[in-house]
Amino acid sequence: MLDKTFNPADIESRHYQAWEKSGIFAADPASSNTPFCVMMPPPNVTGSLHMGHALNMTLQDILTRYYRMKGRDALWMPGTDHAGIATQMVVERQLAEKQQNRRDMGREKFLEKVWEWKDISGGTITSQLRRLGATPDWPRERFTMDEGLSRAVRRVFVQLYREGLIYRDKRLVNWDPKMLTAVSDLEVEHREIKGKFYHFIYPAEDGSFEIHIATTRPETILADGAVAVHPDDDRYRHLVGKFVVVPVVNRIIPIVADEHVKMDFGSGAVKITAAHDFNDFEVYKRHKDKGIPLINLFTPDGKMNENCPEEYQGLDRFKAREKVVADFEELGYFVKAVDHVYQVPYGDRSGVVIEPYLTDQWYVDAKTMAGPALEAVRSGKTEFFPKTWENTYFEWLENIQPWCISRQLWWGHQIPAWYDDDGKIYVAETEEEAQKLAGAKTITRDEDVLDTWFSSALWPFSTLGWPDNTPELKKYYPGDVLVTGFDIIFFWVARMMMMGVHFMKEVPFRKVYIHALVRDSKGQKMSKSKGNVIDPLDLIEKYGADALRFTMTAMAAQGRDIRLSEDRVEGYRNFATKLWNATRYCEMNGCLPPATFDPKAIQHPVNQWILRTVAQCSADIERGLTEYKFNEAAGAIYQFVWGGFCDWYLEFTKPLLNGDDEALKAEIRATTGWVLDQILILLNPFMPFVTEEIYATITTRASGTRLISSNWPDYSSISEAMPAMRDIAWVQGVISDIRSVRADMNVPAGAKIDLLVKDASPETADRLKRYEVILKQMARLSSIGQTDIPPKQAIKSVIHEATFILPIAELIDLDKERARLTKQIDKLKQDIGKIDQKLQNQEFVANAPEDIIAEQKSRRAEAQGLIAKLSAALDQLAA
RNA sequence: GCGCGGUUAGCUCAGCGGUAGAGCAACUCGUUUACACCGAGUGGGCCGGGGGUUCGAUCCCCUCACCGCGCACCA
């Protein structure tokens, strides 16, 4: 017998360990079963589980468990990502606490420290995934810096280089002055800040005029190389080609005409600082002939360098800003500073202001690689759910910029490129090969590492053993579905598509399910700084992993963010408890899963009804999962278990089990036990722990079988059972109606009352007899009889053709009853009014489909009949 | 500025051409031996505003308003 209340904490780890030990998570490349492959988005190896993971992993686990039960050879490929910048930052911070830094320590020693940290914290997230109940094929777990995956990275780099798709270039990059590395556009976060817009005067070289410019970054004035105006601007047209002097540095620079300038913004004249601004750099390139200088002002860590006047050198860039303003003011070239709101780029990891910075970096020719990746989605080889995300994917790939893949970090895949003393580049997978290419020359390896996303872009095939032609690669590529959040469509999905299509000649996955972001109950994004982070592990502690999983699933409606509130989690914990208690009831009544069960042999309508309802529920779950409508799948099983099974079926059968029809009792016990067993299977992918626990308690099957390895049921042998379905709907209607009336009239719950039925059709009469025991119990009736002359002082309600009469004269509040009947009649009259409006409309009759018209007519007739009977009841009440 | 999404019961959200739904909250009743982490019942909605298409619109189209999120930005 189960305990009285369900305590998730007691059972979860026990079951998980048993599952993992059993080997059920393992894919089998040798099996002939159709594969089902999901690639886990690799979390940061040193990270810990947050709500986004909880959602993402729960959905993948549900799919994996479901398809595994369906007999597919399921591979859920797990692993972690080395997360270059994030991880290196953590370790650097640890060093800083001990007054150390990586440069003093040296590359080798530092990397040892990072690996140490990876070894310490690397297991955290994978053990947390186990707490959640995730069932990936753990022995296959990979790490992006594994030898195998690193080999894939080198192979890809070399091949793309030889194909001309990777090249080295000097361009402006987003430079992080704290991390001292380039970062990609995607790692830059634009924040709106309130700053100043400074207006300055640049005098003409010959003193014949002056021109006003405005800037938010006065410090860059020291590197100004030109002033640009719009070619059509009458105010300045005559000045184009003339020269002005940049005060403070006294540099003579040209005035150029460029369409990039907005005439109506600021003064209409823009200072051009080609080495420190992306737009200015473009202007510079368009005016190569004008001799605009490219001057770099900053040291890598954001201080003023030797290209500045001496008194600036070594100043922090923001201090320099103040000094420029002060110097201009002193020289009389300062006009004004006005408040101005504008966007400033910040490193999303480091949190410092990013500098556009002129450096040599490695690039992927993303534009070329994007073509086939775009085509793959356009042609439907890969499909997004919801489809609207395809727009996001297209938009980004269509406007893609060269992808800067080098990072001035140490933690990551060191770029397989070597240089000789003349700066000639040798790209090869190993140093030996590079040396061979270089001949007798001395070569040194590029110090930089690759962007983390470069290696994760290879994830769908590198984890399967590529570049070797492994059985896994053959069987599981391409994957069936990728489950991920919209925030990494650019970072990861698009790049996997580019790499997958290029190297495998085939998309990496057939479907991409994009799920929502988990927010707090107020709709705010969870963040440490806001302090609104809900830790999934806390929720697991408090309510159990099943409750958390079910909450995520039930709220995972397509195209909408999840606002997580603890109430919901509590509600689904209650759901688990409900099932738990239903099981206790089944145990007490000997309703355990029978060894054999043939749905076709089931006779009693309540039993036929519940069988049919199980089949419907399963169909709804399957549809929900194949269409990625997880919330609908969860809703179907929830409704069925609580509403269908507990509230109705178990209540229907209680009085029958108290009766003396032994054959019927046996059929009910078998059916109840069987349905409970089906519930455990159907619910298992969603709530694996509680279902496994119950299964272990009640199963009569051979010991050692586990729910997790059960087969997903096939209910095709269960008949439609239409007569039973209609009967039970009628029984439910009668019971609800009588209960409602009783409550309205304040009939004490304990009081049993008589029921008289007038105008019962033969079918109704028959039903009253056949379901008498159920009706009596569930509607709290002392007797059921028929009559032609109803007592006057009685409550009446009408179901179909028959009037149901509760002769409770002593309990009736006449006014209340009149009001109740009048309300019902009014509602029906309103309905008829609406229907008549339609039926009297010629165009409706002419255009609407026949079945709709017929439906309206029958609804009208039904309402009419009800009104007649209810009016009669009302009249009698008055008499 | 461009794009995407949202606006439905007090709250959180489903539904998305043909009688408005759920969960939670509220209220009433409840010792009928599975469950108070429960049961039964009740109330509560011009489905954001305005146009249009349609016999018929919460649902499709246009438009406006407000909210959220991307992308791009004016130096």
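Numbers restart at 1 for each chain; the letters A, B, ... are given by sequence-line order, proteins then strands.
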Base, sugar-phosphate or nothing for [X]? Non-hydrogen atoms, less than 4.0 Å.
| X | result |
| --- | --- |
| A/R573 | base |
| A/K834 | nothing |
| A/Q856 | sugar-phosphate |
| A/R742 | nothing |
| A/A582 | base |
| A/R859 | base |

Pairing partner (Watson-Crick or G-U wobble, both distances under 3.5 angstrom) of [N]:
| N | value |
| --- | --- |
| B/U7 | B/A65 |
| B/A26 | B/U42 |
| B/A20 | none |
| B/C71 | B/G1 |
| B/C59 | none |
| B/C47 | none |
| B/C35 | none |

| query | Can you check whether A/P748's main-chain N or O pairs, donor with acceptor, with A/R742's side chain at less than 3.5 Å? | reply |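 Yes, because the side chain of A/R742 sits within donor-acceptor range (under 3.5 Å) of the backbone of A/P748.
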
Does any N or O in the side chain of A/N841 come within less than 3.5 Å of the main-chain N or O of A/Q837, such that one atom is a donor and the other an acceptor?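 Side chain of A/N841 to backbone of A/Q837: no pair is present.
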
#### Entry: Pairwise P distance, B/G6 and B/A25 [rounded to whole Å]
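That atom pair is separated by 28 Å.
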
**Item:** P gap between B/G52 and B/C13, integer Å
**Value:**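 Approximately 33 Å lies between the P atom of B/G52 and that of B/C13.
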
Check your understanding: Charged N to carboxylate O under 4.0 angstrom, A/D620 versus A/R623?
Key ->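 Salt bridge flag = yes for A/R623 with A/D620.
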
Q. Are A/D836 and A/R860 close enough for a salt bridge, meaning some N to O gap below 4.0 Å?
A.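 Salt bridge present between A/D836 and A/R860.
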
(request) Report the residue (A/C586 or A/A269) whose heavy-atom-nearest nucleotide on RNA chain B is the more 5′ of the two. (result)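 The residue whose closest nucleotide sits nearer the 5' end is A/C586.
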
Nearest-nucleotide comparison on RNA chain B, the residue closer to the 5′ end among A/W396 and A/R217 =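 The residue mapped nearer the 5' terminus is A/W396.
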
(Q) Check for me whether the distance between the ring centres of A/F197 and A/F265 falls short of 6.0 Å. (A)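 Aromatic pair counts; centres sit under 6.0 Å.
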
**Message:** In whole Å, I'd like the distance from the CD atom of A/E395 to the C1' atom of B/C2.
**Reply:**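 Going from CD in A/E395 over to C1' in B/C2 covers 7 Å.
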
| task | Would you mind reading off the distance between A/L657 atom CG and B/U33 atom C1', rounded to a whole angstrom? | result |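 A/L657 atom CG is separated from B/U33 atom C1' by 14 Å.
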
TODO: Check the surroundings of atom CD in A/E192: do more than 12 heavy atoms from other residues, nucleotides or ligands lie under 6.0 Å from it?
DONE: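 Count over threshold, so yes.
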
message = Taking atom types as they are modelled, would you say the side chain of A/E651 forms a donor-acceptor pair with the base of B/A34 within the 3.5 Å cutoff?
response =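 Indeed there is one.
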
Discussion item. Does A/R568 contact B/C24 through a side-chain donor or acceptor facing the base, at a distance under 3.5 Å?
Written reply: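 No, no donor-acceptor pair under 3.5 Å.
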
